[in-house]
Amino acid sequence: MDDALLFDARARVLADLEAREHATPAAVSALEDAVSTRRWWAEQWPEGEVYVAGLVAQDVQDALFESASRWPLCLSCEDAPQHALYIQPDLGGPDPVWVCEESGQAVAELGQLREVTPPGRAGPTS
Ligand SMILES: [Zn+2]
């Protein structure tokens, strides 16, 4: 098991938590738990490495959902009730992306939510 992979997974999920101002102590603690669980998991099944980052994101999402907190919310759809993004592929990888649960559109690669500019907030304000 390559530790760099886990550090990368942790960094990407943390970046996406921060991108949505959701890096609360509870969320970071859920992230630490997910990383250590998935470290054990990947040691049992080394071929599963490509799934680790997406699975960590899903674990954190599940943990937050249990505390009635939805992350990450979709900012791309206008005129839609509040809804979330989920990791695609469902297995967690390879190349996990956030997909809107309403539109099915890929929104950002895991770790890149900060780069997403919601409609209506883009462009110069004149
Ligand atoms: Zn959406």
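Just so you know, ligand 1 is whichever comes first in the structure, and atom 1 is the first atom listed for that ligand. Please read these numbers as outputs of a predicted model, since none were measured by experiment.
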Where do Glu43 and Arg38 land on the salt bridge (charged side-chain N to carboxylate O under 4.0 Å, His left out) test, with the steps shown first? CA-CA 8 Å; Glu43 280 166 3; Arg38 294 304 170 182; over 6 Å; no
For residues 15-23, dump all side-chain donor-acceptor pairs below 3.5 Å to protein atoms at least two apart in sequence or in another chain.
unit_1	atom_1	unit_2	atom_2	d
Asp16	OD1	Gly111	N	3.3
Asp16	OD1	Gln112	N	3.2
Asp16	OD1	Leu113	N	3.0
Asp16	OD2	Trp98	NE1	2.7
Asp16	OD2	Gly111	N	2.6
Arg20	NH1	Leu73	O	2.3
His22	NE2	Ser69	OG	2.7

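- Less than 2.8 Å away from the Zn ion (ligand 1), the protein contributes these N/O/S atoms: Cys74 SG, Cys77 SG, His83 NE2, Cys100 SG.
- Looking only at distances, a side-chain donor or acceptor of Glu101 sits under 3.5 Å from a matching main-chain atom of Ala84.
- Judged purely by atom type and a 3.5 angstrom limit, Gln61 has no side-chain atom pairing as donor or acceptor with the backbone of Arg70.
- The side chain to side chain donor-acceptor pair (under 3.5 Å) search around Trp40 returns none, not counting sequence neighbours.
- For the side chain to side chain contact (heavy atoms under 4.5 Å, CB included) test, residues two or more places apart in sequence or in another chain that qualify with Gln58 are Leu55, Ile87, Asp90.
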